[in-house]
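First up is the structure itself, then whatever we jot down about it.
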Amino acid sequence: MKHAPPVIPRSFFQRPAEQVARELLGSLLCYHHPTGTHHRVRIVETEAYVGEHDLACHASKGRTERTSIMFGPAGYAYVYLIYGMYDLLNVVTGQSGQGQAVLLRAAEPVSSFPPSAALNGPGKLTRTLGITRAANGLDLCAPPLFFVPAPPPRRIEQTPRIGVD
DNA sequence: CGCTGGATTCGA
DNA sequence: CGAATCCAGCGC
């Protein structure tokens, strides 16, 4: 017998960042931490960074060592350190060479989390899950870090860009 | 090789 | 509103 693997396939990410950002809402993010613990959270906020013509996108400054992952194939993690204290987690989207990515801005607990667990912010999300730049370049279509399909929220809000001019 | 600023968060 | 704190990117 066959069970459809409960993992969002790479083809899902090989589409425009804006669309992926929207449809990723409600999905579950699973992370098997090296220490053995594993987390499951529900994605509730994302933001699209649409390649070289998007001035807010790191890829717009040209392809460099750091941003090269964003120009690679979709479905991989682009994690980088911001302001020296927070790691932000992105998913590469679109086709190779476009430099698109979707930033995971916030989530909410699915399984039992300590009360102190804060997931409401791109920096706090990665801090709580224990994701660091060591996860940069990871394949997000297979363990230890992957997404599971789940019903989307009833209502989707769209707000202006956050944290950039 | 030194300087600068950033997709954030917290506290006053 | 400003500080905390790291390092990629760029200029000399």
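Reminder, nothing fancy here: chain letters follow the sequence lines and each chain counts from 1. Side-chain atoms are counted along with the backbone in the values below, which use heavy atoms only and exclude waters and symmetry mates.
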To the nearest angstrom, the CD1-P distance between A:I69 and C:dA8 comes to 15 Å
Nearest whole Å is fine: how far is B:dT8 P from A:L119 CG? 16 Å
CZ of A:R161 versus C1' of B:dA7: gap in Å, rounded? 9 Å
Below 3.5 Å is the cut-off: list the nitrogen or oxygen pairs between protein and nucleotides 5-7 of chain C, distance only.
unit_1 : atom_1 : unit_2 : atom_2 : d
C:dT5  : O2     : A:Y83  : O      : 2.2
C:dC6  : O4'    : A:G84  : O      : 3.4
C:dC7  : OP1    : A:R133 : NH2    : 2.9

Taking the six-membered ring for Trp, are A:F146 and A:H32 parallel (under 30°), tilted (30 to 60°) or perpendicular (over 60°)? perpendicular
If only atom types and distance count, is the side chain of A:Q19 paired as donor or acceptor with the main-chain N or O of A:P16 below 3.5 Å? no
Restricting to non-hydrogen atoms, name the atom on A:P144 and the atom on A:L138 that form the minimum distance, rounded to 0.1 Å. CG-CD1, 4.2 Å
Return one dot-bracket line describing DNA chain C 5' to 3' (Watson-Crick or G-U wobble pairs, both distances under 3.5 Å; ( ) same strand, [ ] crossing, | another strand, . none). ||||.||||||.
d(CG, A:N136; C1', B:dA7) in whole Å: 15 Å
Using only atom types and a distance under 3.5 Å, with no angle test, would you say the side chain of A:Q100 pairs donor to acceptor with the backbone of A:Q95? no
Taking atom C1' of B:dT8 as reference, at what distance in whole Å does atom CG of A:N90 sit? 13 Å
Would the distance check show the side chain of A:T126 and the main-chain N or O of A:D87 forming a donor-acceptor pair, the cut-off being under 3.5 Å? yes
Specify the separation, in whole Å, of atom CD of A:E65 and atom C1' of C:dC10. 15 Å
For DNA chain B, whose closest nucleotide is more 5', that of A:I162 or that of A:R127? A:I162
Do any N or O atoms from the side chain of A:T128 and from the backbone of A:A118 form a donor-acceptor pair under 3.5 angstrom? yes
Please report the shortest heavy-atom distance between A:I69 and A:V92, naming the atom on each side. O-CG2, 3.5 Å
Rounded off to whole Å, could you give me the OH-to-P distance for the A:Y86 and C:dA8 pair? 20 Å
Short side-chain N/O contact from A:H58 to OP1 or OP2 of B:dA7, under 4.0 Å: yes
Short question: side chain of A:R127, backbone of A:Y86 - any donor-acceptor pair under 3.5 Å? no
Distance (rounded to the nearest 0.5 Å) between A:T46 OG1 and A:L24 CG: 6.5 Å
How many Å lie between CG on A:N120 and P on B:dT8, as a whole number? 13 Å
Of the nucleotides C:dA8, B:dA7, B:dT9, which has the atom closest to the A:K124 side chain? B:dT9
Using atom C1' of each nucleotide, how far apart are C:dC7 and B:dC10 to the nearest Å? 22 Å
